[in-house]
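Take a look at the structure below.
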Amino acid sequence: KIKKRPYSQAWKYKRDVKRFEYLQRQYLYLSHYDINKAEEIPKVQSEIRNKIGVLNKAKDVITEEMEKHFEVFNAVDVIENEKNAYMFYKTGDETFRKSAKVVEAAKQVLKENNISFKEAKKLKEHYEKLMNENKSQIKKLRLEISTGYRILKEIKEKELQREYVENKGRDIDKKQVKRRWLNGGWKRFW
């Protein structure tokens with residue numbers, strides 16, 4: 001007899017895994033920037049924003065350089081896209097005459113700029129690699145900023161919860177506590 005295998009139970013742990021990943025990201029954030037107190041987080045956030053500003057300026061420089069070589073990069077794209085059609089035309093197939101003319105024009109652009117196809121392709125790949133690295137660093141830093149804000153938000157919510165529990169026995173007006181939360185930019189947590 002073949003025993004039936006039980007269905008996957010991964011769905012039960014999905015929320016726990018997400019929570020673990022979130023806590024791990026918070027821990028790594030705090031340890032990477034050596035944060036011991038909540039008051040240090042805004043300073044770190046401003047440093048991260050400064051890094052993002054520098055990366056955005058670098059991105060602008062890379063974009064300007066890529067625009068300088070726009071014709072060359074466009075020629076590389078044309079040659080790569082029409083490579084097969086150009087080969088068929090060279091073997092005698094007249095249906096690819098237009099593609100062959102486009103490739104010849106692209107080769108002429110490379111010739112006018114005194115650069116070979118291989119060099120132009122390497123240059124394009126280099127700039128694309130720089131741009132991708134820049135974008136990934138910016139994305140990582142923005143994620144760290146949001147992690148810092150979430151940590152601050154959780155700390156504030158915990159303090160407000162503790163204050164509410166402490167003042168619960170004193171008959172404090174709930175509207176007053178809610179108003180305080182809303183003035184602080186936080187929504188109700190219950």
Side-chain angles (χ1 to χ4, degrees), residues 10-74 76-77 113 115 118-168 170 172-190:
W11 60 272
K12 289 181 180 178
Y13 309 110
K14 191 173 184 178
R15 185 180 302 145
D16 293 336
V17 169
K18 282 185 178 181
R19 179 72 179 155
F20 174 73
E21 288 173 351
Y22 171 68
L23 292 173
Q24 182 182 25
R25 192 169 61 238
Q26 284 184 337
Y27 170 76
L28 292 174
Y29 173 80
L30 294 173
S31 81
H32 180 263
Y33 293 105
D34 197 30
I35 297 173
N36 297 319
K37 298 178 184 175
E39 295 82 29
E40 297 173 2
I41 293 177
K43 294 175 189 174
V44 171
Q45 298 288 68
S46 66
E47 290 174 10
I48 294 173
R49 275 192 226 96
N50 291 339
K51 288 179 185 178
I52 289 175
V54 170
L55 287 171
N56 281 328
K57 288 178 184 176
K59 182 179 175 182
D60 292 341
V61 170
I62 295 168
T63 303
E64 287 177 16
E65 287 296 315
M66 289 178 79
E67 288 173 358
K68 287 180 186 176
H69 302 291
F70 176 75
E71 290 179 347
V72 173
F73 295 160
N74 195 25
V76 168
D77 288 338
N113 287 300
I115 191 167
K118 288 182 181 180
E119 292 171 345
K121 188 174 179 180
K122 283 182 182 178
L123 186 65
K124 182 182 178 200
E125 290 171 354
H126 174 69
Y127 281 122
E128 286 176 348
K129 181 181 175 186
L130 287 176
M131 187 63 83
N132 290 335
E133 287 174 359
N134 187 293
K135 286 179 182 179
S136 68
Q137 288 176 348
I138 289 174
K139 185 177 179 180
K140 179 183 171 191
L141 290 175
R142 285 187 177 154
L143 180 65
E144 288 182 354
I145 284 178
S146 68
T147 302
Y149 283 129
R150 288 180 74 181
I151 291 171
L152 286 174
K153 181 180 176 182
E154 287 180 7
I155 290 171
K156 182 95 170 180
E157 287 176 353
K158 293 288 183 188
E159 289 175 0
L160 292 173
Q161 282 178 345
R162 188 173 28 83
E163 181 181 324
Y164 177 74
V165 170
E166 288 174 358
N167 293 328
K168 198 172 184 180
R170 295 187 194 160
I172 191 168
D173 187 16
K174 286 186 180 181
K175 288 182 182 177
Q176 188 180 27
V177 173
K178 287 181 189 177
R179 204 174 300 125
R180 240 176 111 189
W181 287 332
L182 293 174
N183 288 338
W186 307 105
K187 296 181 181 175
R188 291 174 287 170
F189 61 86
W190 69 84

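Using a 4.5 Å heavy-atom threshold, the side chains of K158 and Q161 count as touching. Inter-residue side-chain proximity for Q26 and L23 is flagged as met; some heavy-atom pair is nearer than 4.5 Å. You'll find the side chain of V17 reaches within 4.5 Å of the side chain of E21, heavy atoms only. Looking only at side-chain heavy atoms (C-beta outward), F73 and L123 come within less than 4.5 Å of each other. Proximity of E125 to K121: side-chain heavy atoms (C-beta onward) are separated by under 4.5 Å at one or more points. Side-chain contact between I151 and L30 is present, with at least one heavy-atom pair separated by less than 4.5 Å. A 4.5 Å side-chain heavy-atom check between T63 and M131 finds at least one atom pair inside the cut-off. Between I145 and Y29 there is no side-chain heavy-atom pair separated by less than 4.5 Å.
A 6.0 Å sphere centred on CD of E71 holds no more than 12 heavy atoms belonging to other residues, nucleotides or ligands.
A donor-acceptor pair under 3.5 Å links the side-chain atoms of E40 to the main chain of N36, judged by distance alone. Side-chain atoms of N134 never come within 3.5 Å of backbone atoms of L130 as a donor-acceptor pair (strictly under, hydrogens ignored).
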**Request:** Report the C-alpha separation of L160 and K156 in whole Å, then their side-chain angles, then the decisive distance to 0.1 Å, and conclude whether the side-chain contact (heavy atoms from CB on, under 4.5 Å) test is met.
**Result:** CA-CA 6 Å; L160 292 173; K156 182 95 170 180; 4.2 Å; yes
**Request:** Give the C-alpha distance, both sets of side-chain angles, the deciding distance and a yes or no for side-chain contact (heavy atoms from CB on, under 4.5 Å) between K153 and E157.
**Result:** CA-CA 6 Å; K153 181 180 176 182; E157 287 176 353; 3.3 Å; yes
**Request:** Test side-chain contact (heavy atoms from CB on, under 4.5 Å) on I48 and Y33 and set out the steps.
**Result:** CA-CA 10 Å; I48 294 173; Y33 293 105; 3.7 Å; yes
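Interatomic distance, L141 CG to Q137 CD, rounded to the nearest 0.5 Å: 7.0 Å. Taken to the nearest 0.5 Å, the NZ atom of K43 stands 9.0 Å off from the NZ atom of K37. Summarising the geometry, atom NZ belonging to K122 is positioned 12.5 Å from atom NE2 belonging to H126; distances are rounded to the nearest 0.5 Å.
Residues V76 and A120 approach most closely at CG2-CB, 3.4 Å, considering heavy atoms. Shown here for A38 and I155, the closest heavy-atom pair between the two residues is CB-CD1, 3.7 Å. Nearest heavy-atom pair across E144 and Q45 is O-OE1, 4.0 Å.
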Can you give the donor-acceptor pairs under 3.5 Å from side chains of residues 49-59 to other protein atoms, not counting sequence neighbours?
residue, atom, partner, partner atom, Å
R49, NH2, Y149, OH, 2.4
N50, ND2, S46, O, 3.3
N56, ND2, I52, O, 3.4

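Here Q24 pairs with F20, L28 under the side-chain contact (heavy atoms from CB on, under 4.5 Å) rule; sequence neighbours left out. With sequence neighbours left out, K14 forms a side-chain contact (heavy atoms from CB on, under 4.5 Å) with K18.
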